[in-house]
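Notes follow once the structure below has been shown.
Note that the structure is a prediction, hence the values are computed from the model and not measured. Note: hydrogens, waters and symmetry copies are ignored here, and every other heavy atom, side chains too, is used.
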Amino acid sequence: MSWFSKSPETDASGLIESLLALDSRSLIGAMAVLAIGALIALAGRVLGVFWTNYRALRDRRRHFREVVIDMLIHAEFDRKSVEDTTSPERLEALKSQIRADGDNFRPFIAFEANDPTYEDYRAVRRRLQPSQIVACDRFFDHSRLFYRYYEKLGSDAFVALSVPRKEAALDGLQQIGQDVLKSRIEMVNSLKAGKRTAHIFERIENDLKKVAPLPASKDALQHTEDTGETPDINA
């Protein structure tokens, strides 16, 4: 019988006979080598799984931190944009133009699509505290409504409105803007006090002031953010 014709059973029997033929010291040594090799392989697999999970956790935390930072920056830009867009002086100037031009008035709208912050927020939403979810949902609802409403001011539907209804539309924009500013304060305060977000807010607090600094006339609003008290937005 050739070597190639040996059956698996014959090979297994030969291996067992060879092991039994070894003296006890050689047999124990071989078993020790096998055991050490198995332990090394097992340790390698455990370390590999641990490293993979550690990297996934680290990336998850980093992504969460980046999204929270983007949300806070988005909120600051919204504050500046809403305050500029709905300032009494600007709205009164627009109303004066509407009265002067009548039905032919069409405002110039420099509109930009919403940034991806809202979609990023939805991806990490469940990692926030329930009270934070409520505050963040309210802010993004008002913010997105404001920009959709603002975009409509440049549409044919707005041009077709009568002068009184155009002025009423501007009043509606101002009211939605106030809702944005109020809900922004609530969201910022919730992130500032949250278990997972307080340290993130603390790390970038000074940077946020540089994004869209508050004018001197907004000292009361800043005090509100520090104390957590909501101001009378109609005062």
Side-chain angles (χ1 to χ4, degrees), residues 52-87 90 107-155 157-158 169 172-215 218 221-222 224-225 230 233:
T52 300
N53 291 337
Y54 169 75
R55 289 183 59 184
L57 179 61
R58 183 187 61 184
D59 292 344
R60 192 163 174 254
R61 287 177 175 174
R62 179 171 57 191
H63 179 249
F64 178 76
R65 181 174 64 251
E66 291 173 350
V67 171
V68 171
I69 292 173
D70 286 345
M71 289 168 58
L72 290 169
I73 293 175
H74 177 89
E76 281 301 297
F77 274 118
D78 261 18
R79 176 187 63 77
K80 186 67 167 62
S81 177
V82 169
E83 287 176 353
D84 289 346
T85 302
T86 63
S87 66
R90 184 179 185 203
F108 173 75
I109 301 299
F111 178 79
E112 294 183 5
N114 292 338
D115 64 29
T117 305
Y118 175 68
E119 295 301 326
D120 292 338
Y121 156 68
R122 291 183 61 187
V124 303
R125 181 173 177 270
R126 291 300 178 184
R127 299 183 62 189
L128 296 170
Q129 299 168 234
S131 59
Q132 291 179 313
I133 293 176
V134 172
C136 293
D137 281 355
R138 183 181 294 117
F139 166 74
F140 279 110
D141 285 347
H142 289 151
S143 175
R144 296 168 72 222
L145 176 61
F146 177 84
Y147 287 108
R148 286 198 300 267
Y149 194 103
Y150 181 69
E151 183 182 15
K152 292 295 183 181
L153 297 185
S155 67
F158 179 80
L173 180 68
Q174 185 181 38
Q175 182 57 54
I176 297 173
Q178 293 300 312
D179 292 338
V180 174
L181 296 177
K182 183 179 179 180
S183 61
R184 184 197 74 86
I185 294 174
E186 295 173 353
M187 185 188 78
V188 170
N189 284 337
S190 71
L191 295 177
K192 184 177 181 179
K195 295 179 180 179
R196 293 184 176 180
T197 55
H199 69 285
I200 300 175
F201 182 91
E202 184 179 355
R203 288 179 59 181
I204 68 164
E205 185 172 12
N206 291 331
D207 293 332
L208 288 174
K209 296 176 182 178
K210 301 174 185 177
V211 172
L214 288 167
K218 299 299 179 179
L221 187 59
Q222 181 63 58
T224 298
E225 294 183 359
T230 302
I233 62 175

Using the side chain to side chain contact (heavy atoms under 4.5 Å, CB included) rule, pick out the option among Ile73, Leu72, Val67 that qualifies with Ile69. Ile73

Is it the case that the side chain of Gln129 and the backbone of Lys195 share a donor-acceptor pair, with hydrogens and angles ignored and the cut-off at 3.5 Å? yes

With rounding to the nearest 0.5 angstrom, report the NE2 to CG distance, His142 to Leu145. 7.5 Å

With sequence neighbours left out, what residues match Asp137 under side chain to side chain contact (heavy atoms under 4.5 Å, CB included)? Tyr121, Arg125, Ile133

Taking only residues two or more places apart in sequence or in another chain, which ones pass side chain to side chain donor-acceptor pair (under 3.5 Å) with Thr86? none

Side chains of Arg127 and Arg60: does their closest heavy-atom pair fall under 4.5 Å? yes

Basic-acidic side-chain contact under 4.0 Å: Asp141, Arg138: no

Aromatic ring proximity His74/Tyr118, centre distance under 6.0 Å: no

Considering residues at least two apart in sequence or located in another chain, which fulfil the ring-ring contact (aromatic ring centres under 6.0 Å, His included) criterion with Phe64? none

Can you find a pair of side-chain heavy atoms, one from Gln175 and one from Tyr149, that are under 4.5 Å apart? no

How many angstroms lie between atom CG of Leu181 and atom CZ of Phe139, to the nearest 0.5 angstrom? 9.0 Å

Go through it in stages, so that I can follow the logic: the residues are Arg196 and Leu128, the test is side-chain contact (heavy atoms from CB on, under 4.5 Å), and I'd like the CA-CA distance, side-chain angles, deciding distance and then a yes or no. CA-CA 8 Å; Arg196 293 184 176 180; Leu128 296 170; over 6 Å; no

With Glu119, which residues qualify under salt bridge (charged side-chain N to carboxylate O under 4.0 Å, His left out), at least two apart? Arg122

Would a 4.5 Å heavy-atom cut-off, applied to side chains only, mark Glu205 and Lys192 as touching? yes

I need the Ile200 CD1 to Arg203 CZ distance, nearest 0.5 Å. 8.0 Å

With sequence neighbours excluded, tell me which residues meet ring-ring contact (aromatic ring centres under 6.0 Å, His included) with Phe201. none

Sorted by chain and number, sequence neighbours left out, side chain to side chain contact (heavy atoms under 4.5 Å, CB included) with Thr85 holds for Ser81, Arg90, Phe146, Tyr150, Leu173

SG/Cys136 to CZ/Arg184 distance, rounded to the nearest 0.5 angstrom? 12.5 Å

Taking every non-hydrogen atom, the tightest pair across Thr197 and Ser190: OG1-O, 4.2 Å

Measuring only between side-chain heavy atoms, which start at C-beta, is Thr117 closer than 4.5 Å to Met71? yes

So Arg65 and Val68, do their side chains get closer than 4.5 Å, heavy atoms only? no

